[in-house]
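This report refers to the structure that appears directly beneath it.
Quick caveat: nothing in here was measured; it's all calculated off a predicted structure.
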Amino acid sequence: MLHRPALAAVPLRAVAPPAAAVVLGAVAVALELSTPDGVSAALELGTGPIDLLTALVLAAAGAVVLTAQPRSVPGWVLAAGGLVWALDVVATAWLGWAVSSSPARPGASLAYWATNRVGVATLLPLPLLLALYPTGRLPRGRWRGPVAAGLAVCCLLPVVLAVVPSQVAIDRAGGDLPLTSGLDLDPTTLPLPAAVARPLLDAVLPLAALGVLVATLSLVARHRAATGLERDRLRWLLWAGVVDVLVLALGLVVPGVSGSVGLLVAVTVTSAATVVGLLRPRLVDVDALLGGTVVYGALGAGVVLLDALVVAGSDAVLGSRASERSAFVVVLLLATVGYLPARSLLWRLARRLLVGHRDDPYRVVSQLADRLETAETAEEQLPAVAAAVATAFGVRYVGVEVQRTGGDRVLGEHGTRPADVDALDVAYRGEVVGRLLLPRRGLRARLSRRDERLLGDLVRQAVVATRTAELAAQLQAGREALVLAREEERRRIRRDLHDGLGPALGAVALRIDTARNVAAGDPVRADELLRQARADAAAVLADVRRLVHDLRPPALDDVGLVGAVRQQAERLAGPELRIEVAGDGVGDLPAAVEVAAYRIAAEALHNVRRHAAASRCAVLLAREPGGLRVEVSDDGAGIDPGRVSGVGLVSVRERAAELGGRCEVLCPEAGGTLVRAWLPAPVPAPAAEGAR
C-alpha cells in the first residue's frame, strides 16, 4: 500500500516559490484590471497572462524538484527563475498602473527600471540550467573555463543595460516610449558617452548569445561522454532543446506561435524535462522519445515546406486571372496528381533516412534471409547478419558474436568498431547463445526497446541458422571421425590378432608338437614343453580378455551398470577412502550409454584415488526423463582453477559429447570436486507382441 507524504513533510523552501509566484500574480492581475487598455498598448505591455503562466510553471517545477531534492541547484534555478519572472510581471503591471494617472503614481520609475533595464534577467535561468544541470556544478575539464566565461557574460548583460544611458538603449531599440516623460529613467546610469555605451551594448548582446551557445555545446559534449543514469538525465534536457528549436522554427512560420506563446511552450517543456530528468529519468524511454521527436519534427518541417511550395506555385501559376472555382479545381488536380504522392514519398524517405527500415519488419527479414542464403559457413553468415542489421537500422557498426558448442566464440562485424559499444545478449531456449554489439554513442545508434526486441528476434534467428550450419558441419565431421575411428579400431584389433594372438597361438602349437615328438624318449623335456605351452596359452587368454574388456567391460553384462561401478569402487576403496554407490532402479539402457557411463564413473573414481586426497566419495546414477545423470563427488582438495585439464577429464567430456550429452567439472564452495555428466538415454520401445 502506498502512503502519500503528509503536508508537514513538504519543506517550506519547496512551497515558498510557487506561493510567492501566486501572490505576485494576484497583485499583477489586480494592477492589470486597474489599468486602462490604452496605457498597456501604448507602453507595449501585453502578454501579461502568458508571462504570469511562465512564472508559475518555473516556480512549480522548482518546487517539485526541491520537495524531493532540497539541495538541488537546478531546482533552485527553476524556483528563482519563477520568482524573477513573477517580479518582472508585477513590475510591468505596476508601470502601466502607475503611469495611467497624471502625475505618475509612486514606484513608476522603479517599475520602469526593473522592467526595461534589468528585465532581461528573466532569461538567465536558461544558461544557468544548461551549465549546472544535472549535478549543480560547472562541467569539468576543458569546458569549465568557457562555460564560466559564458555565464559571466550572460550575467553581465542586465548589468550593462542598467548602467548605460537610457536614451542609448531606447535609440538602439528603434523607437521611443510614451507616458514616461516624468519618470527617472536613469537611476543607476553611469556617465558614459554614447560613443562608449553604444558599442558596449552592441557587444554584450551577441556575447550573451554566444555564452548560451557555449553552455549548450558543453551539454552536448557531456552527453556524448556520459554513461548510465547521467546520460539518461542529459538526454531529457537534449530532448527539451530539440522541442524548443522546433517551437522556434514553427514560430517563424506560424505567427500565432511566436513571441510569448512560444516562450511559454518552450519553458514548460524545458521545466518538465528537468523535473523528470532529475527525479524519474527512466520514467519513459527517453531514447524513443528523442528519436521520435527528431524524426517527426523533420517530417513536419518537410511537409510544411512542401505545403508552402505548393501554395506558392499555385499562386504563381494562377495569379488573379482565374476564378475561385477554377483555382480550386487546379489546386485539387495538382494535389491529387503531384502533391499527395510527393508528400507520401517525402514521409517515407525521411523515415528511411532517420530510422532505416525498422518500420518494415518484413523487408528486414526478407533481406536477412537473402543474405543468409548466399552465405554457407558460420564465418560467412555472421558478417552477412551484421551487414543486414546495419543496413536495416541505419547503424554505422554492428557486431554479432556467437558462442560455439565447444566454448570458443566467433565474431562477425560490419563497419569500423568504435571505442565504446553496447552488448545485447541474444538468448535461445533460455540460454544465452551470443551477443549483438552496437555503438554506444550517436543518436541513430540509440534504439528504442521495440527496436531492441526486433533486433533480438532477427539476430536470434540468424544465430539459430548459424548454429544450425555449425552443427551440420560438426555432424559431418563427426560422421567422418566415426568412420575413421571405426577403421582405426578394426586396424588395431587386426594388428593385435595378427601380431599378438596369431604368433602366440602358433608358438603354443609348435611347443605341443615338439612335446609329442620327444615324449617317448625324454618325458621330462616333454613335460617342460607342455608347461611352457600352457603358460603361453594363459597369456593368450589374458590378451583375449583385454581385447574383450576394451570393446565392452564384461561386468556390464554380468552384474549391470550399477554393479560394475560398485565393483570398480570396491577395488579402489580402502581404509583412507570410503566410496558409496547409489543407483538402483536405473533400468535398461542402450549399450553405448552403459559403456560411456561406466567409463566416466571409472575415470572420475581413478582421479579421486590418485589426486583428490579425499576421505569420502559418492557416486550417483539416476535415471531422468530422456537421459541418465552420472555424478561423482568427493570431499578432497578440489581442482585449481588455473590448472589445465588432463587427459582423463578431456576423455570424460569427449565420451559425453560423443553421445550428444554434456559433462561439467565443478568445485563447490563447500570443497571437493563434482563431476556431473548427462547422457541422453531414451526409454527403449516395448517389444512387439509375439516377438521371439
Side-chain angles (χ1 to χ4, degrees), residues 61-62 65-66 69-81 123-157 159 203-245 266 269-271 273-282 286-287 289-291 293-294 395-397 415-423 437-447:
V65 174
L66 293 177
Q69 301 176 1
R71 297 184 179 181
S72 173
V73 175
W76 282 111
V77 170
L78 291 173
L123 302 179
L124 287 180
L126 175 60
L128 288 173
L129 200 60
L130 292 173
L132 302 176
Y133 178 88
T135 61
R137 298 184 296 271
L138 290 175
R140 299 177 180 177
R142 60 180 180 176
W143 285 100
R144 190 178 188 88
V147 170
L151 289 180
V153 173
C154 292
C155 296
L156 186 63
L157 178 59
V159 176
V204 75
L205 289 172
L207 286 177
L210 181 61
V212 175
L213 178 61
V214 169
T216 303
L217 293 177
S218 73
L219 180 70
V220 175
R222 283 184 287 142
H223 166 263
R224 290 177 61 86
T227 58
L229 185 62
E230 183 181 2
R231 193 172 193 272
D232 291 337
R233 285 174 171 166
L234 292 171
R235 288 182 77 80
W236 275 104
L237 202 58
L238 285 181
W239 170 77
V242 171
V243 175
D244 294 345
V245 171
V269 171
T270 304
S271 301
T274 303
V275 172
V276 176
L278 290 174
L279 304 184
R280 299 286 298 276
R282 293 175 179 171
V286 64
D287 295 331
L289 183 62
L290 181 57
T293 302
V294 172
V395 184
R396 301 185 309 275
Y397 167 82
T416 303
R417 181 167 182 166
D420 298 325
V421 295
D422 285 330
L437 306 178
L438 296 173
R440 179 175 299 172
R441 298 183 180 180
L443 174 62
R444 294 172 67 185
R446 298 296 295 176
L447 304 174

*Hey, could you give me the CG/SG distance between Leu128 and Cys155, rounded to the nearest 0.5 Å?*
5.5 Å
*asked:* Looking at Arg233, is its backbone amide N or carbonyl O close enough to the side chain of Tyr133 to form a donor-acceptor pair, meaning the two atoms are under 3.5 Å apart?
replied: yes
*If we only count heavy atoms from C-beta on, is the Leu78 to Pro125 side-chain gap below 4.5 Å?*
no
*Heavy atoms only: give me the nearest His223-Arg235 pair and the separation to one decimal.*
NE2-NH1, 2.8 Å
_Verdict with reasoning, Leu151 to Leu138, per side chain to side chain contact (heavy atoms under 4.5 Å, CB included)_ = CA-CA 10 Å; Leu151 289 180; Leu138 290 175; 3.7 Å; yes
*Please report the closest heavy-atom contact between Arg231 and Ala226, naming both atoms and the distance.*
CD-O, 3.2 Å
_Exercise: identify the closest heavy-atom pair between Arg222 and Pro139_ = CD-CB, 3.6 Å
*asked:* For Ala240 versus Thr270, what's the shortest heavy-atom pair and its separation?
replied: CB-CA, 3.8 Å
*asked:* Tell me every residue that passes side-chain contact (heavy atoms from CB on, under 4.5 Å) with Arg137, counting only those two or more places apart in sequence or in another chain.
replied: Thr135, Arg140
Identify every side-chain donor-acceptor pair in residues 203-220 under 3.5 Å, counting partners at least two apart or on other chains, and give the distances.
residue : atom : partner : partner atom : Å
Thr216  : OG1  : Val212  : O            : 2.9
Ser218  : OG   : Ala215  : O            : 2.7

*asked:* According to side-chain hydrogen bond (donor to acceptor under 3.5 Å, both in side chains), who are the partners of Thr274, at least two apart in sequence or on a separate chain?
replied: none
*Apply salt bridge (Lys or Arg N to Asp or Glu O under 4.0 Å) to Arg417 and list each qualifying residue two or more places apart in sequence or on a separate chain.*
Glu413
*Set of side-chain contact (heavy atoms from CB on, under 4.5 Å) partners for Val243, sequence neighbours left out*: Trp239, Val247, Val269, Thr293
*Look only at the side chain of Gln69 and the backbone of Gly75, and say whether a donor-acceptor pair between them is shorter than 3.5 Å.*
no
_Quick check: do Trp236 and Leu278 have side-chain heavy atoms less than 4.5 Å from each other?_
no
*asked:* Going by the rule side-chain contact (heavy atoms from CB on, under 4.5 Å), which residues pair with Val73 if we only count those two or more places apart in sequence or in a different chain?
replied: Val77, Leu132
